[in-house]
Amino acid sequence: MTRTCAMTACLLVATTATSAQAAEPSHGMRLTEALAFDKTFEDGIMICHEKMAKYDLASAIKSNPQILGGIQQGEKEFAEAEAAYNAMMASYCDYDQAEAKAAFARALDDRLIPADADALVAFYATELGQRFVKATQAANIASNRVTEPRLDSEQSTTIFGEKIAALVARRSPAASQERVIGATQALPSVDAAVALSDRVMQYLVAGRTVEGIDLARPHALVMKAQMDEFLQLVNTQQATWDARFGKSTGYELLRNDTVGDSMVRTLYLHRFDEHAIVWYFIWYRGTKGWVLNRFVFLEDSTKLFQ
């Protein structure tokens, strides 16, 4: 063997040894394996699929006949539509197990020294340690099966909207944004007020929110900053409505509630494929005519029955 070959062989041995060292798992990964991370993760996916199975297609169609776009059982497209629904539900449980495992191990690497990990790995290799791992897995399954949100998404969104509206309403405006008394453009009659409300609704259901609110703005008893913030709130919520409720399909006037001859509340139902939102316009007749005192929306249409 020549000197060059000998040196090459030495380099090859050194490189092989370095690669072998690099391939060894970190102390965090060794502990991750001892904790049976893969089994715990897979149990979590199993529970997720159990929960998704509660939303079976038959029940979904019963509560919303249009969920498959009107395709009914027995039609030739039904099998493909059902497969698409099942794939959608299964996708909610499709998580990257390898990425989660690597992140778990990195966190252990950062927070434990190798000696700590060695001691724990040794413990989990004992009979007691193995019983504890299995008991923890069973406890995780039990916990995940009973874990549900306290509020559904619609309730949470409604509460959020009400809180933001309350915060906006009590904010102190800048001096330059103070409302000038008497500057609001009053309408001459209650019929004109209701007609304006109707025109605003036409813009809202068409997704032309800015134009609708700008139409109401000159007649509203609020400051510019408050109306701008309300517009931002509506835009934020409206961006989610199509995904949550389906397509906007129109509106209807539910009723006009009057208090004496000085106040009227106009209620509209904004219709979507799968839900409806209530809009309130509250008008007050002052000395100069009718002005818009309040303009709000509620996603919880059940309030109509209270």
Enquirer: Just wondering, are more than 12 heavy atoms of other shown residues or ligands nearer than 6.0 Å to CZ in Arg271?
Expert: no
Enquirer: To the nearest 0.5 angstrom, please state how far the CZ atom of Arg131 sits from the OH atom of Tyr124.
Expert: 14.0 Å
Enquirer: How long is the gap from CG on Asp94 to CD1 on Ile45, to the nearest 0.5 Å?
Expert: 7.5 Å
Enquirer: At their closest point, which heavy atom of Met46 faces which heavy atom of Arg145, and how far apart are they?
Expert: CE-NH2, 4.0 Å
Enquirer: What pair of heavy atoms forms the shortest contact from His27 to Leu112, and how long is it?
Expert: NE2-O, 2.7 Å
Enquirer: Does this structure show an ion pair linking Asp242 with Lys247, if we count only N-O contacts that are shorter than 4.0 Å?
Expert: no
Enquirer: Rounded to the nearest 0.5 Å, how far apart are CG of Leu221 and CZ of Arg294?
Expert: 13.0 Å
Enquirer: What do the steps show when you test Val194 against Leu196 for side chain to side chain contact (heavy atoms under 4.5 Å, CB included), and what is the final call?
Expert: CA-CA 5 Å; Val194 173; Leu196 180 62; over 6 Å; no
Enquirer: Around Glu77, counting heavy atoms of other residues, nucleotides and ligands shown, do more than 12 lie under 6.0 Å from its CD?
Expert: yes
Enquirer: Taking all non-hydrogen atoms of both residues, which atom of Val133 and which atom of Ala34 are closest, and how far apart?
Expert: CG2-O, 3.9 Å
Enquirer: Looking at Phe41 and Ala100, what are the two nearest heavy atoms and their distance?
Expert: CE1-CB, 3.6 Å
Enquirer: First locate atom CD of Gln73, then atom CG of Leu68, and finally report the distance between them rounded to the nearest 0.5 Å.
Expert: 10.0 Å
Enquirer: Is it true that atom CD of Gln232 has more than 12 heavy atoms of other residues, nucleotides or ligands lying nearer than 6.0 Å?
Expert: no
Enquirer: Determine whether Arg244 and Glu274 satisfy the following criterion, side chain to side chain contact (heavy atoms under 4.5 Å, CB included), listing intermediate values before the conclusion.
Expert: CA-CA 8 Å; Arg244 293 165 53 213; Glu274 301 172 10; over 6 Å; no
Enquirer: Please assess Phe272 against His270 for the test ring-ring contact (aromatic ring centres under 6.0 Å, His included), listing each intermediate value before the final yes or no.
Expert: CA-CA 7 Å; Phe272 295 81; His270 182 177; 4.3 Å; yes
Enquirer: Looking at residues at least two apart in the chain, or sitting in another chain, which of them share a side-chain contact (heavy atoms from CB on, under 4.5 Å) with Ala192?
Expert: Leu187, Pro188, Ser189
Enquirer: So that I know where these two stand, are Phe281 and Tyr268 an aromatic pair - ring centroids less than 6.0 Å apart?
Expert: yes
Enquirer: What I'd like to find out is whether the side chain of Arg208 reaches to under 4.5 Å of the side chain of Gln202, using heavy atoms alone.
Expert: no
Enquirer: Is there a donor-acceptor contact under 3.5 Å from the side chain of Ser143 to the main chain of Ala139?
Expert: no
Enquirer: Verify the neighbour count for atom CD of Glu127: are there more than 12 heavy atoms of other residues, nucleotides or ligands below 6.0 Å?
Expert: no
Enquirer: State which residue, out of Leu120, Asp118, Asp109, fulfils the side-chain contact (heavy atoms from CB on, under 4.5 Å) condition with Leu31.
Expert: Leu120
Enquirer: Are any of the side-chain nitrogens in Arg111 or Asp116 under 4.0 Å away from the carboxylate oxygens of its partner?
Expert: no
Enquirer: Under 3.5 Å, is there a donor-acceptor pair between the Asp43 and Gln137 side chains?
Expert: no
Enquirer: Is any side-chain N of the basic residue among Asp110 and Arg106 closer than 4.0 Å to the acidic one's carboxylate O?
Expert: no
Enquirer: Is the shortest side-chain heavy-atom distance between Ile213 and Val200 below 4.5 Å?
Expert: no
Enquirer: Shortest non-hydrogen contact from Gly129 to Thr126?
Expert: N-OG1, 3.0 Å
Enquirer: Can Glu33 and Lys101 be counted as an ion pair, charged N to O under 4.0 angstrom?
Expert: yes
Enquirer: Distance check, rounded to the nearest 0.5 Å: Leu253 atom CG versus Leu269 atom CG?
Expert: 10.5 Å
Enquirer: Run the ring-centre check on Trp241 versus Phe297 and record whether the distance is less than 6.0 Å.
Expert: yes
Enquirer: Should Phe78 and Met88 be regarded as members of a common hydrophobic cluster, given that ILVMFWY residues are connected when their side-chain heavy atoms come within less than 4.5 Å of each other, either directly or indirectly?
Expert: yes
Enquirer: Measure the CZ-CD distance between Arg217 and Gln185 for me, rounded to the nearest 0.5 Å.
Expert: 12.5 Å
Enquirer: I'd like to know if the side chain of Thr266 pairs up with that of Asn256 as donor and acceptor (distance under 3.5 Å, no hydrogens or angles considered).
Expert: yes
Enquirer: Using the side chain to side chain contact (heavy atoms under 4.5 Å, CB included) rule, take Trp290 and Tyr284 through it: C-alpha gap first, then chi angles, then the decisive distance, then the call.
Expert: CA-CA 5 Å; Trp290 293 85; Tyr284 171 72; 5.6 Å; no
Enquirer: For Ile71 and Ala81, work out which heavy atoms get closest and say how close.
Expert: CD1-CB, 4.2 Å
Enquirer: Flag the pair Tyr251 / Trp279 as yes when their ring centroid distance falls below 6.0 Å, and as no otherwise.
Expert: no
Enquirer: Between Tyr280 and Phe295, does the ring-ring contact (aromatic ring centres under 6.0 Å, His included) criterion hold? Intermediate values first, please.
Expert: CA-CA 6 Å; Tyr280 294 84; Phe295 175 31; over 10 Å; no
Enquirer: Should Leu292 and Val259 be regarded as members of a common hydrophobic cluster, given that ILVMFWY residues are connected when their side-chain heavy atoms come within less than 4.5 Å of each other, either directly or indirectly?
Expert: no
Enquirer: Quick one, Arg255 with Asp257, criterion side chain to side chain contact (heavy atoms under 4.5 Å, CB included). Give me CA distance, side-chain angles, the key distance, then yes/no.
Expert: CA-CA 6 Å; Arg255 64 179 187 268; Asp257 298 328; 2.9 Å; yes
